[in-house]
Protein chains: 2
Amino acid sequence: MGIDHRMSRANAPTLEDVARLAGVSTASISRALNDPDKVAKPTRDKIEKAIDALGYTPNFGGRALASNRTNTVGAIIPTMANAMFASGVQAFQEVLSEAGVNLLLATTGYDPEQELRQIKALIAHGADGLMLIGDARPQTTRDFLDKRRIPHVISWCFQPEASPVHVGFDNRAAAYAAMQRVLALGHRRIAMICGVRAGNDRAGDRLDGVTAAIADFGQGAELIQVTEARYRLEFGGDAFEAIMSHTPRPTVIMCGNDVLAAGALKRARELGIDVPGTVSLVGFDDIGLASVVTPPLATVRVPQIEMGRAAARLLLARLGGQDGDGPVELHTEFMPRASLAPPAPDSP
Amino acid sequence: MGIDHRMSRANAPTLEDVARLAGVSTASISRALNDPDKVAKPTRDKIEKAIDALGYTPNFGGRALASNRTNTVGAIIPTMANAMFASGVQAFQEVLSEAGVNLLLATTGYDPEQELRQIKALIAHGADGLMLIGDARPQTTRDFLDKRRIPHVISWCFQPEASPVHVGFDNRAAAYAAMQRVLALGHRRIAMICGVRAGNDRAGDRLDGVTAAIADFGQGAELIQVTEARYRLEFGGDAFEAIMSHTPRPTVIMCGNDVLAAGALKRARELGIDVPGTVSLVGFDDIGLASVVTPPLATVRVPQIEMGRAAARLLLARLGGQDGDGPVELHTEFMPRASLAPPAPDSP
DNA sequence: ATGAGTTATGTAAGCGCTTACATCGAGTCG
DNA sequence: CGACTCGATGTAAGCGCTTACATAACTCAT
């Protein structure tokens, strides 16, 4: 390894090499690189030629040390296995990339301790700022972000009293609206397969929205069962099976996200339970999956791409010293599809 | 921004602060941090106490500059929209994380120029090494990797003559094997929806495998149509529709990946074409989607997680100055599922 | 006891870059 | 035409860390 270093160092031209070749000072080159307007055109040309001739690229460590910035930001998400985060992060990265900023990515598996560990790791690795998902995190973590004055944005959630670092949508309101649509179709016996709520405010908010909509609706509507399940196909299936093995059965099952709903749907097929004939299914997120399964899943469309982009823009603004125009609220849309139908007429 | 810097600097304790408080030299602290065995236990304890008291964390730039390492590696993948890459990258990142290495992530959208740009960006941002997907890249890019002696691994592909930087599976062989299985069922009129081959060796390899298997099989088997399509649901659907609107129709369509196959399946449903009654469909990759759609997709299982892990291990080994045990070949498995059945008896 | 060998610590020289400040020359204006 | 301004460039002092080398404090066989 020592050898490697020496070799790469030996190979790598430094600012001083460029300066010598171009016949200017290192300061001018630095300026030409970082703030071209400060350097006269002819000088800039000489410098450019020298840089090309040597194949010079600035040394990252030197730059970071002197300027105290890395032009790198971190994103910490629960998992990439969920297409929703994957596409959001992709959009996030694309916007950063256009601004010459790179992305450090880490995952937590929905574990708050893991999140703090990753926050520390990314900061130690030089991230200038962070993008985090959701609002549920221990005080320790909040304190760390505050004390270290770490520029960050929080995405995938939005509360009426959101702070300027938030960019997302109101999970509770979206779930409330979806539930209203379902109630309007005539459903009264409702079950929910909810994501694990510990350390995940979105899961809790979605349940709250469903609960509140049912309560506000009245007319005998009732949430007869709630099962928590980790966001994986098979757990969605297990939860579905558990719910359907109880009497009375619900006429509709609201699911914490599309993965759970797809798992439920798959299990329904395996059990010979007709969807939506026997029971309707509603998902959340509208990932690609939702429209490909049979029947297609009714769900809530979440603007994943736009959210990733908006998060990137807000974070870049904050890093640039501006406030950005946060908080940013994005809107969701209920997508009625064939997995949702009115309850069968013979169900009381 | 200037103010921000001054503030964060003022707040941030340096090695010297710790040294003063602990009553030792900065060198000892550096050693305690990077190579604890070199420091006696009592000294280490004093240092630890001082670090805790000050809340010290090493400054990234200083460390990178002095040691010429960042403990950061980059991964450049075509897209995160494909669950296959998403889960591979997740596994990659998890292994790195355990080794205290962080991940810089960038995407190319399958564009070779974009790949080179991202390689340069990640290197400029201090990546010690890179993980790249596939073997198809312009000479310019290869030259850059060579001249700069950038440690890297190449994943998602494997050729018999693979170099030690490869970790993946043989796309051609996997497609060949799948095609053999399909031929054994009795199919003779075959079509393929192939990924875009420009800048994507895996797409080409898969087509080659299919072609070769058909040629070797003989017995009147014929590849009657090949359509290239970008890896998106709707393009898979379009290709399916185009293929099925020609006569003679194939009895089976091999698809370049599961996304194309799922798109084809969706379109089949919309067109009222029975799968597998009228035409069988075979995918590739075995992403979660494949087993959730109706009918479930016959496909080729690719060890995404294990590939990500193996890539990480190999890259870490190479960064550590060892050769690692590359190349690493991983194995695929054909997954027969309901979207594949023998051809209808009335088809000639 | 003594010198060689070993281990623990300190000293100080950079790593490559940015940037405050100094300098210089060429306009501009009274 | 001299004082002054202003833009372009150079000078040089760090930024916080690692590490080669020097030094000090041991151990232990002789």
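On a predicted model such as this, the values are computed, not experimentally measured, just so you know. Numbered from 1 within each chain, the chains take letters A, B, ... in sequence-line order.
Candidate nucleotides dC17(C), dT18(C), dG16(D) were compared by shortest atom distance to the side chain of Ser67(A), and dT18(C) ranks first.
Inspection of the Gln118(A) and Thr107(A) side chains reveals no N or O donor paired with an N or O acceptor under 3.5 Å.
Atom CG of Asn71(A) is separated from atom C1' of dT18(C) by 14 Å (rounded to the nearest Å). Atom CG of Leu33(A) and atom C1' of dG16(C) are 12 Å apart (whole Å). Between Ile29(A) atom CD1 and dG16(C) atom C1' the separation is 12 Å, expressed in whole Å. The CG-C1' distance, from Asn34(B) to dC17(D), rounds to 9 Å in whole Å. Regarding Arg20(A), its CZ atom lies at a distance of 12 Å from the P atom of dG16(C), rounded to whole Å. Here the C1' atom of nucleotide dC15(D) and the CG atom of Leu65(A) are 4 Å apart, to the nearest Å. Rounding to whole angstrom units, CG of residue Asp37(B) and C1' of dA8(C) are separated by 13 Å. Rounded to an integer number of Å, the gap from Leu15(B) CG to dC15(D) C1' is 13 Å.
Residues that satisfy the side-chain contact (heavy atoms from CB on, under 4.5 Å) test with Ala40(A), not counting sequence neighbours, are Pro42(A), Thr43(A). Residues passing the ring-ring contact (aromatic ring centres under 6.0 Å, His included) test with Phe144(A), sequence neighbours excluded: none. A search for ring-ring contact (aromatic ring centres under 6.0 Å, His included) contacts involving Phe92(A) returns nothing, not counting sequence neighbours.
Residue Thr14(A) places none of its side-chain N or O atoms closer than 4.0 Å to OP1 or OP2 of dG16(C). Here Asn68(A) does not reach the OP1 or OP2 of dT18(C): none of its side-chain N or O atoms lies under 4.0 Å away. Not one side-chain nitrogen or oxygen of Asn59(B) sits closer than 4.0 Å to the OP1 or OP2 atom of dC15(D).
Under 4.0 Å is where a charged nitrogen must lie from a carboxylate oxygen, and between Asp45(B) and Lys49(B) no such pair does.
Contact of the Thr57(B) side chain with the Ile123(A) side chain is not registered, since no non-hydrogen atoms from C-beta on lie closer than 4.5 Å. Taking 4.5 Å as the limit, every side-chain heavy atom of Ile76(A) sits out of range of all side-chain heavy atoms of Ile133(A).
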Practice task
For each nucleotide in nucleotides 9-14 of chain D, reading 5' to 3', give B when a protein heavy atom comes within less than 4.0 Å of its base, S when such contact involves only the sugar-phosphate, and - otherwise.
Solution key: BBBB-B

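Using bins of under 30°, 30° to 60° and over 60° for the plane-to-plane angle, the ring pair Phe60(B)/Phe60(A) lands in the perpendicular bin.
Within the structure, every pair that satisfies the side-chain hydrogen bond (donor to acceptor under 3.5 Å, both in side chains) test and touches residues 127-141 of chain A, not counting sequence neighbours, is listed here: Thr70(A)-Asp128(A), Glu115(A)-Arg137(A), Asp135(A)-His166(A), Gln139(A)-Asp143(A).
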List, with names and distances, any nitrogen or oxygen atoms from the protein found under 3.5 Å away from nitrogen or oxygen atoms belonging to nucleotides 23-25 of chain C.
none

